[in-house]
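Quantities reported herein were computed from a predicted structural model and do not represent experimental measurements. Only heavy atoms go into these numbers, but all of them, side chains included; no hydrogens, no water, no symmetry mates.
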Amino acid sequence: MIDSHAHLDDPKFDLDRDSLIKNLEKHGIEYVFNIGADIVSSRNSVDLADKYENIYAVVGIHPHDASSYDDEIEKELIELAKNKKVVAIGEIGLDYYYDNSPRDIQREVFEKQIELASKLNLPIVIHSRDAHKDTFDILKEAHEKYLDMKVLIHCYSSSVEMMREYMKLGFYIALGGAVTFKNSVTPKEVAKEVPLDRLLLETDSPYMAPVPLRGKRNEPMFVKYVAEEIAGLRGINVEEVIEQTSKNTKEFYGI
């Protein structure tokens with residue numbers, strides 16, 4: 001199994017981070033992709049990737065921190081991306097739920113980081129919350145401009161109809177703990193209908209722990225519950241879900 005999106009640099013892992021990572025293989029976890037959200041967590045992600053063979057890094061500025069983006073941060077992202085274990089720019093995008101940064105600045109910084117990823121020839125990992133139309137419009141325009149760019153919508157939360165539109169563009173989506181929640185109707189519908197060759201699994205650790213561990217600290221090994229739920233919804237073997245999503249993750253991140 002592969003966890004395509006985690007935050008193992010989060011302080012919630014400070015007491016047992018090393019032991020947890022060293023034990024991932026025992027729990028069937030082949031790789032974890034640690035995702036940056038600001039410049040500090042991006043640095044930390046690279047440090048983790050340098051330290052552990054089974055960790056890869058993604059660097060970028062989350063929409064919450066879009067107001068902090070400037071030329072110096074962009075230069076540092078470029079430097080960080082020179083590391084061979086940095087495999088994407090992210091998580092980048094739009095968040096209209098919290099609006100921690102003004103929406104016009106979010107959109108501007110989103111577009112700047114898409115352009116940066118194109119220059120660096122790296123995929124992009126997208127965060128989108130309560131901003132589905134603007135996210136889609138920006139990504140569709142980027143797809144037309146940068147035809148070969150790979151795009152992953154992390155923690156997909158929009159409709160089945162929009163998922164189909166993303167599939168037409170050749171994008172990938174990732175599903176996590178929310179698909180296991182009893183009242184999460186739309187994620188379950190998406191899980192049934194998304195083409196299996198475009199699906200990735202994630203935890204978003206330490207957040208969004210799946211049932212039966214909801215409310216606890218999420219960990220990469222809990223991705224198995226996501227795989228089991230999706231397999232059940234699709235009426236297929238969990239081994240098929242794990243095998244295909246692992247293949248997709250390696251293809252997306254280019255490892």
Side-chain angles (χ1 to χ4, degrees), residues 2-14 17-18 20-21 24 31-95 98 100-101 105-129 135 138-139 142 149-155 172 174 176 200 202-208 218 220 249 252-255:
I2 297 177
D3 185 354
S4 70
H5 192 114
H7 302 278
L8 296 180
D9 60 295
D10 189 278
K12 290 181 180 177
F13 293 106
D14 283 352
R17 182 178 296 109
D18 287 347
L20 185 149
I21 293 173
L24 287 174
Y31 296 112
V32 174
F33 291 83
N34 205 76
I35 314 296
D38 54 27
I39 198 62
V40 173
S41 60
S42 293
R43 293 172 192 149
N44 292 340
S45 293
V46 175
D47 288 343
L48 281 176
D50 281 339
K51 186 174 182 180
Y52 298 102
E53 187 176 349
N54 56 349
I55 305 288
Y56 283 87
V58 174
V59 300
I61 307 301
H62 189 287
H64 288 343
D65 287 276
S67 295
S68 72
Y69 197 88
D70 58 21
D71 290 344
E72 290 304 310
I73 282 181
E74 184 168 287
K75 287 177 183 177
E76 184 165 358
L77 290 175
I78 292 169
E79 286 302 308
L80 290 171
K82 291 178 180 178
N83 187 300
K84 65 181 181 180
K85 293 195 74 181
V86 172
V87 292
I89 299 297
E91 56 186 288
I92 64 175
L94 303 174
D95 193 313
Y98 286 108
N100 287 21
S101 292
I105 293 177
Q106 288 190 46
R107 290 188 288 267
E108 179 185 353
V109 171
F110 186 18
E111 291 169 356
K112 284 183 177 180
Q113 290 185 95
I114 293 172
E115 182 179 4
L116 175 63
S118 176
K119 290 177 180 177
L120 297 173
N121 194 30
L122 288 173
I124 52 176
V125 176
I126 307 302
H127 171 101
S128 179
R129 186 170 186 184
T135 301
I138 289 171
L139 289 173
M149 178 173 285
K150 291 191 286 186
V151 178
L152 169 63
I153 315 298
H154 135 75
C155 197
Y172 295 78
L200 279 66
E202 66 168 49
T203 63
D204 204 16
S205 299
Y207 316 107
M208 298 280 288
N218 204 359
T249 305
F252 176 75
Y253 283 119
I255 66 165

CE (M149) and CD1 (I114) are apart, to the nearest 0.5 Å, by 6.5 Å
Kindly give the heavy-atom pair with the smallest separation between T249 and S4, and that separation in Å.
CG2-CB, 4.0 Å
Has N54 got a side-chain atom pairing as donor or acceptor with Y31's backbone, closer than 3.5 angstrom?
no
Spacing of E108 atom CD and I138 atom CD1 [to the nearest 0.5 Å]:
11.0 Å
Above 12 or not: heavy atoms from other molecules or residues under 6.0 Å from CD of E53?
no
Polar side chain donor-acceptor pair, H5 to E91, under 3.5 angstrom:
yes
When the ring planes of Y172 and F252 are compared, do they come out parallel, tilted or perpendicular, using 30° and 60° as the limits?
perpendicular
Residues D50 and N83: side-chain donor-acceptor under 3.5 angstrom
yes
For the pair H62 and H127, name the ring-plane relationship: parallel under 30°, tilted 30 to 60°, perpendicular over 60°.
tilted
D9 bridged to R17 by N-O distance under 4.0 Å:
no
D71 atom CG: more than 12 heavy-atom contacts under 6.0 Å:
no
Say whether, by atom type as modelled, one donor and one acceptor occur between the side chain of K85 and the main chain of I55 under 3.5 angstrom.
yes
Is the shortest distance from a Lys or Arg side-chain nitrogen in K75 or E79 to a carboxylate oxygen in the other one below 4.0 Å?
no
